[in-house]
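In listed order, ligands and their atoms are each counted from 1.
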Amino acid sequence: MTIGTLEIAGTPYFRLAFGGRMRYILCMFLKHENDRGTVMALLVAGLLLVLAGGRVAAASHTFAIGETDFLLDGQRLQVRCGEVHFARVPREYWQHRLKMCKAMGLNTVCVYLFWNFHEARPGEFNWSGPADAAEFCRMAQAEGLWVLLRPGPYSCAEWEGGGLPWWLYKNDQMKIRTSDASFLEPARRYLKEVGRVLAPLQITKGGPLLMVQVENEYGWFGKDAAYLGQLRQALVESGFEVPLFACNPPSALPNGFRADLFQVVNFGSDPAGAFKALRKIQPKGPLMNGEFYPAWFDTWGQPHHKGDMGRYLRDLEYMLKNNMSFSIYMAHGGTSFGLWSGADRPFRPDTSSYDYEAPISEAGWVTDKFTRTREVMGRYLLPGESLPEPPPAYPVITVNRFRLESSAPVFDNLPVAIKDERARSFEKYDLGQGCALYRGTVPAGGPASLKVKELHDFGWVYLDGHLVDVMDRRRQKFAVQLPQRAKPGQLDILVEAMGRINFGQEAFDQKGIHGPVELIASGSPAVELTGWQVYPLPLDAAQLGRLKYQGGSAKGPAFWRGGFLVTTVGDTFLDVRSWGKGVLWVNGRCLGRFWNIGPTQTMYCPGAWLKPGQNEVVVLDLTEPAQPELAGLAQPILDQMRRELDFSNRARAQGQFKTEGLAPAIGGAFTTEIKMQEARFAQPVKGRYVCLESVNAHNGQPYAAVAELEILDANGQPLANTSLRVFWADSEESGAEDGSADNVLDGQPATMWHTEYSGAKPGHPHHLILDLGKSQSVTGIRYLPRSGDAKVGGRIKEYRVYVAEQSFGLNP
Ligand code: GLA
Ligand code: CA
C-alpha cells in the first residue's frame, strides 16, 4: 500500500488520497512499517470504517500516483478513460451514455465543466437540471466508472469561448488566462463554487473523482507557470485534495511547466514520440494520454472529419499493451445544443453536431468504431473486470415532411431600441449571444463603400429594406458597396454572432460591430456614421415568447412556426436541407444552429424532448428557406457539403501567381521531424506578403502539407495568428478530408493544409501566401510538418520563402 507523500523527480506532489484527519492517523500508523501484509490491511480497513462513520464507500479506496502506475488501493490502475460532456447530452440520457462507456471497456470518464454553462451572470451559479455536474458524477459512480474532472476555468472543447463567460468581455481590458485580477478574481470565485459542489465527490470522500485538471493545454497559450500555480492554489483552497494534473500536446509540454502538477500528453497519433516528449519533462510516473483523438470535430463549410480507424486501433492497442493510460477524446461527443458551439481559429464556426465520429454516436448508438474498440479493450482488462453488454439504443422515429405555416419577420418584431452615438459590440449592450440589429442613416450621395473596422460574425446589410450584401468574418469581408442614394436612406445591419472562438487569444471574441462604421465615396474622405439604434435579439425564451406570428410566408429574415404529430416518442433527425442559415427550437428547446453549406444537414432531436401529440417547432432563418419544411429522418446526415449555396464563396484571388524577379528570402530543406522547424533569414526582409514554396516532398509524391506556419517578426518572435490570414493557396484538398489552408493558422498540430489529391493531383511547386495585414520586417518562418507516421505524404523537403510588398501578381 502506498501511503503518505510520494516523490517523483525529487518533487513531492501527490499526497495520498485521504481526507485530513484520516490521512494523518493513517500516515502515523504506517510510517514505520509498510509491509505487514494482510493483517495490517484488515486493521486499516477496520479503522477506516470506524473513522468514516460506517460509510463503506468512503473508506474503501485510495488513489495515488506511483513511480510507474496509478495506484488504486495500492494496485496498478490503467486508466481507460473516455471523454463525455454532460452539457452535450440530454440529461434524460446520461445514464444510457455512461452504460455505453462502461460496455465499451472504459473504467473512467473524463468531464469538462464549462464555466459559462454554470455562471450565466456574474455570481449567479447554476448546478441543476442539465448543469447538475454532481449528479452526473454520482451516476458515473453508480455505473462503476471513475471520473476525471476538468473544470477549466478555460476548457476549449469547441464550446462557446472555450467555456469563458461572455460577460468577461464587457471589460475591454480583460486579460484572459492570466494572473491579472480582471481574470483571476472571477476565475477564483468560480473555482471556489466548483469545490463547494464537487469536492465532496472526491475519492477521498467516497466519491468517484480521481484527479482534477488545472486549466487546459495552457502551454499552447502561454508560459506563465505562476498563473497555473494560482489556479492550482485556488483548487486546493476550494477543497480539492486529489492529485491535480495538466495536459498539453507534446510540443507545448515545457511551457508553463510545474513539477507540482502531474503532466499528461494529448495526441492523436505517434504514441511513442509523444510519450518520449513527456518523459523528457516528467521522468517518472505513469504515462497517460490526456486526449486521444479517434477522429475530429466539424466546422461549417469544411468536409466532415473521419478518423483513420486503423491508426486509431493500432495506437489504442499500443497503449493498452504498454500499460499506458488514456482518455479517448471523444468517447461520446453528443451535441452542442443551444448556441453553445464554439469556433475554431482564424474563424471557422463549429457545427452543433459534436458527433466527432466518436465510438458512441451523437444519438448514443453502437458504431463500428465502438465494436472494434470494445474488442481491443476486452483483451486488456484488469484482474476481476468484465465487459457488460451495451444497453439497447433509444427508439428512433421518422416524421413525415410538414410545412411551417406561420412566420414572424425579424424586422416586424423588434424590441425597444438602445440609442448609441457609435455602434459598439454586443457586450456593451449587455447582450451575450444571438443577434442584434444596428439601425442608422446614410446620407444621400453617389455609390460608396460602407466599411466597418471589424464585425463578428455575419452582417446582412440592408438599405431602405433591400438586402445589399453580407459582411463575413470568415473572409475578413468588412466592406460592402452601397448604391447611389437620391435621399438619405435607412441603413440596417443585422448581425449574427456565432460561437466565440474557443482557442488562443482569439477567445477574447467580442461580438457585433467593432466600430467605427464609415462611408467612403471615391475621392472624398471617410465619414463616420453615428446616431445608431441598436435592437438586441438574444434569441432567448423571452424574445421567442414575444414574437407575433402571421399566417403564410415571410420574405427576408424571419422566425417560422409549425408543428408535427408524434404517436410514440423517439429520437429523430430533423432534415434542414431546405433552409438557409439559422437556429431551431423544438418545444422550446434549442437544438442548435443549421447552415445549408454543410457538412451537417440534419439536427439531432432527442425523443426525450418530444411528447405524444402535437410538438412545436420554431425556426429562425436569417436568409430565406427554399421551402419552409421539415421532416424527421431515421439517420443523421453529417457529411453533405453544399459549398455552392454559400453566400460568400471564398474570394479566390484573380491574376497569375508569379515570383519572377524576386530573390527568395531563404531556401533550404526541412527534415521529417514533427517539431517546429525554424528557417531564419540571413537578414530581415520587409514586406506584407509571405509565400512558402514547396520544391518537393520527402516521399517523392506531388503533395505538400503543412500543419502550422508561423512568421517571425523583427525581434524573431512569432506574429500573433490573429494578425495573419491566408491570402492564397494554389490548391486545397476539400473532398476526401479537410485540407484547407486556414489549418496552418489554427494552432492545432493535428490539422493541416493539404494540396488536392482526391480529384486532380497538381504537383510541386506548391505555394501558400500569408497576408500580414501591413508591411513589416520579417526575419524568418517556422514550419510544423503534418502529424502521422513516417509514410504519410506531403512533408516538405526543399523549400523557398519569399517576402514581398505586393501579392505575387494576384489580386484579392
Ligand atoms: C484540444 C483541446 C480540446 C479540444 C480538442 C479538439 O486538444 O484540449 O478541448 O478542443 O483540442 O477537439
Ligand atoms: Ca493546424
Side-chain angles (χ1 to χ4, degrees), residues 83-85 87-88 110-115 148 150-164 177 213-221 245-253 264-269 274 289-299 302 305 307 326-331 333-334 336 341-346 348 350-351 353-358 499-504 506-507 674 676 705-710 721 724 726 729 732 737-754 768 770 782-788 794:
E83 185 99 14
V84 182
H85 305 145
R88 287 182 154 127
C110 183
V111 295
Y112 272 128
L113 299 184
F114 302 119
W115 180 2
L148 306 183
R150 309 204 290 167
Y154 164 77
S155 301
C156 201
E158 293 70 68
W159 188 265
E160 151 88 18
L164 300 181
R177 305 176 69 186
Q213 183 180 296
V214 179
E215 245 266 1
N216 189 75
E217 293 194 335
Y218 174 71
W220 262 126
F221 182 85
F245 71 107
C247 75
N248 268 306
S251 61
L253 282 165
V264 303
V265 63
N266 296 352
F267 59 86
S269 63
N289 176 348
E291 289 183 12
F292 173 49
Y293 311 110
W296 203 244
F297 59 88
D298 285 340
T299 60
Q302 306 294 337
H305 287 92
F326 53 81
S327 182
I328 299 171
Y329 189 104
M330 302 293 298
S336 308
S341 56
D344 204 2
R345 62 209 277 192
R348 287 182 292 183
D350 299 311
T351 58
S353 168
Y354 202 60
D355 178 86
Y356 218 93
E357 286 262 334
R500 287 187 174 77
I501 295 180
N502 55 277
F503 203 79
E506 297 92 320
I674 314 299
M676 268 295 179
V706 177
E708 288 290 297
L709 260 193
E710 290 178 357
N721 295 39
L724 305 174
V726 173
E732 295 165 288
E737 68 180 305
D738 170 13
S740 119
D742 284 340
N743 287 330
V744 307
L745 295 180
D746 67 354
Q748 302 271 12
T751 63
M752 61 177 161
W753 168 50
H754 198 299
L768 179 79
L770 294 184
R782 281 188 195 155
Y783 152 83
L784 179 70
R786 64 169 296 186
S787 58

Within ligand 1, which atoms have a heavy atom of [X] less than 4.0 Å away?
X	answer
Tyr329	3 (C), 4 (C), 9 (O), 12 (O)
Tyr354	12 (O)
Glu217	1 (C), 2 (C), 7 (O), 8 (O)
Phe297	6 (C), 12 (O)

Exercise. Within less than 3.0 Å of the Ca ion (ligand 2), how many protein N/O/S atoms are there?
Worked result: 7
Problem set entry | Distance-only side-chain donor-acceptor flag, Asn216 / Tyr112, under 3.5 Å | yes
Exercise. Quick one: do the Arg786 and Asn743 side chains pair a donor with an acceptor below 3.5 Å?
Worked result: no
Exercise. Heavy-atom contacts under 4.0 Å between Cys247 and ligand 1: side chain, backbone, both, or neither?
Worked result: neither
Exercise. So, does Tyr356 use its side chain to make a donor-acceptor pair with the main chain of Ala331 at under 3.5 Å?
Worked result: no
Exercise. Any idea which heavy atoms bring Ser269 and Gly788 closest together, and the distance?
Worked result: OG-N, 3.5 Å
Seminar exercise, completed: Taken in chain and number order and not counting sequence neighbours, the residues that satisfy side chain to side chain donor-acceptor pair (under 3.5 Å) with Ser341 are Arg593
Exercise. Which is closest to atom 12 (O) of ligand 1 by heavy-atom distance: Tyr356, Trp296, Tyr293?
Worked result: Tyr356
Exercise. So which of Glu291, His85, Gln213 gets nearest to atom 5 (C) of ligand 1, if we judge by its closest heavy atom?
Worked result: Glu291
